[in-house]
Amino acid sequence: MKKQINNPFILALKAHNLTVEIHHHSAYQIVLSNDTPFTSTINGQLFERIHGFLIKPQVPHFCIAEKGSLNVLNIEPYSNVGLELLNRFGPNQDHIVFHSPTEANMFFQTGKDTFDIYTIIDALLLTLPPARYDERVTKIVEYIKANYFQQDITPQTFADMVFLSPSRLAALFKQQTGSSISKYLLWTRLRQVTYLTLSEKGRSLTDIAYDTGFYDLPQLNKYMYQMFGMPPKALKHNSDLIQVY
């Protein structure tokens, strides 16, 4: 049975023999070769035969991996994971390139040369302080996990559940997760969109949008492109070449 990634602020994909061009994205993106070196243009600069990179949001890139596969991680920038990644950049630095497997694994502190995506994510999460969530935050997280598809969820919905004002709950949630409740809900929905698009290829994107809590396909397109730099139709078009972790 395949291990699941439980952090909703991490969306991990594997792309096989695919050329990927991303111009706009609101997430940190980590791209790692799963087998052979690849070529990428990052913010206009060409890098040949590299093994991976980490880029800040809105940094355009173009990857060619025609003879292998790439692991692609999207991470919400204001989550605790995203804020930890921010601290790894130097002044005026918007990308970090890994020229060898050893460089990548030293950066992620895996303790060994590996591109196993679960090992890398576990190592990244180990750098965070232990999470001890307030029971009210835990209640909100569990509610979103079970009810993300409901379109009528509002900030007041959550506030009524834990007997706090929307503003006090928002402050508590952000303090403990690094991000907002609305972003947590959005990322949960987008993760499910990605899974359904890649695993249920016969379903229409309109149906998937409705079934994951979006008002319509245009709204889904807007957020998918904004967060990850590609619309869901791009995932669907390449569904035989992409898998979700």
Any non-hydrogen side-chain atom of Leu11 less than 4.5 Å from a side-chain atom of Val72? no

On a heavy-atom basis, which atom in Ser40 and which in Cys63 lie closest, and how many Å separate them? OG-SG, 3.5 Å

Point-to-point distance, once rounded to the nearest 0.5 Å, from CD of Gln175 to CG of Asp134: 9.0 Å

Any chance you could measure Leu85, atom CG, to Leu124, atom CG, to the nearest 0.5 Å? 5.0 Å

Tell me, with the steps shown, if Leu172 and Val162 meet side chain to side chain contact (heavy atoms under 4.5 Å, CB included). CA-CA 11 Å; Leu172 176 64; Val162 295; over 6 Å; no

Would Leu169 and Ile140 count as a side chain to side chain contact (heavy atoms under 4.5 Å, CB included) here? Give the steps. CA-CA 10 Å; Leu169 176 59; Ile140 297 302; 4.3 Å; yes

Answer with yes or no whether the hydrophobic clustering places Ile181 together with Tyr143; edges join I, L, V, M, F, W, Y residues whose side-chain heavy atoms lie under 4.5 Å apart. yes

Let me confirm one number: the CG-CD1 distance from Leu125 to Ile120, rounded to the nearest 0.5 Å. 12.0 Å

Any chance you could measure Leu86, atom CG, to Ile75, atom CD1, to the nearest 0.5 Å? 12.0 Å

Under 3.5 Å, is there a donor on one side chain and an acceptor on the other for Gln226 and Ser26? no

Of His95, His99, His61, which meets ring pair (Phe, Tyr, Trp, His ring centres under 6.0 Å) against Phe53? His61

Which atom pair, heavy atoms only, marks the closest approach of Thr212 to Gln192? CG2-CG, 3.8 Å

Are Asn80 and Phe9 packed together at the side-chain level, in the sense that at least one heavy-atom pair is separated by less than 4.5 angstrom? no

Flag side-chain contact, heavy atom, 4.5 Å: Pro37 against Ile50: no

Is it the case that the ring center of Phe108 lies less than 6.0 angstrom away from the ring center of Phe98? yes

In terms of hydrophobic clusters joined by side-chain contacts under 4.5 Å, are Ile30 and Phe107 together? yes

Please examine the side chains of Lys183 and Phe173, heavy atoms only from C-beta on, and report whether any two atoms are closer than 4.5 Å. no

Would you find more than 12 non-hydrogen atoms of other residues, nucleotides or ligands less than 6.0 Å from Tyr195 atom OH? no

Any side-chain heavy-atom pair from Asn147 and Thr157 closer than 4.5 angstrom? no

When every non-hydrogen atom of Ala27 is compared with those of His25, the smallest separation belongs to O-ND1, 2.8 Å

Do Ser167 and Ser165 pair up side chain to side chain, a donor and an acceptor below 3.5 Å, judged on atom types alone? yes

Can you check whether Ile208 reaches Phe214 side chain to side chain, under 4.5 Å on heavy atoms? no

Got a sec: does the OH of Tyr78 have more than 12 other heavy atoms crowding it under 6.0 Å? no

CZ of Arg203: more than 12 outside heavy atoms within 6.0 angstrom? yes

Within 6.0 Å of CE in Met161, more than 12 heavy atoms from elsewhere: yes

Is it true that, when you exclude Asn92 itself, more than 12 heavy atoms of the residues, nucleotides or ligands shown sit nearer than 6.0 Å to its CG? no

Determine whether a donor-acceptor pair (N or O, by modelled atom type, separation under 3.5 Å) exists between the side chain of Thr41 and the backbone of Gly44. no

Check the pair Ser182, Ser180 against side chain to side chain donor-acceptor pair (under 3.5 Å), reporting the backbone distance first and the verdict last. CA-CA 5 Å; Ser182 61; Ser180 66; 3.0 Å; yes

Side-chain donor/acceptor of Gln150 to backbone N/O of Ile153, under 3.5 Å: no

Could you walk me through whether Leu54 and Gln29 pass the side chain to side chain contact (heavy atoms under 4.5 Å, CB included) test, one step at a time? CA-CA 6 Å; Leu54 162 65; Gln29 292 190 335; over 6 Å; no

Looking at Ser69 and Lys14, what are the two nearest heavy atoms and their distance? CB-CG, 4.2 Å

In terms of the angle between their ring planes, are Phe228 and Trp187 parallel, tilted or perpendicular, with boundaries placed at 30° and 60°? perpendicular

Would you call Glu84 and Arg88 a salt bridge, using N to O less than 4.0 angstrom? yes

Scanning both residues in full, the closest heavy-atom pair of Asp211 with Phe149 reads O-CB, 3.2 Å

Give a yes or no answer on whether the side chain of Arg189 reaches the backbone of Tyr184 with a donor-acceptor pair at less than 3.5 Å. no

Are more than 12 heavy atoms, taken from residues, nucleotides or ligands other than Gln93, located less than 6.0 Å from that residue's CD atom? yes

Quick one: CG on Asn221 to CE on Met230, what's the gap to the nearest 0.5 Å? 13.0 Å

So do Leu235 and Met224 actually touch side chain to side chain, heavy atoms under 4.5 Å? yes

Walk me through it: do Leu186 and Tyr223 pass the test side chain to side chain contact (heavy atoms under 4.5 Å, CB included)? CA-CA 8 Å; Leu186 175 61; Tyr223 284 118; 3.8 Å; yes

Should the heavy atoms of other residues, nucleotides or ligands under 6.0 Å from CZ of Phe89 be counted, would the total exceed 12? yes

Using every non-hydrogen atom in the two residues, find where Leu220 and Ala209 come nearest and quote the distance to one decimal. CD2-CB, 3.8 Å

Minimum side-chain heavy-atom gap Ile55-Tyr28 below 4.5 Å: no

Between the CD1 atom in Ile10 and the CD atom in Glu76, the distance rounded to the nearest 0.5 Å is 11.5 Å

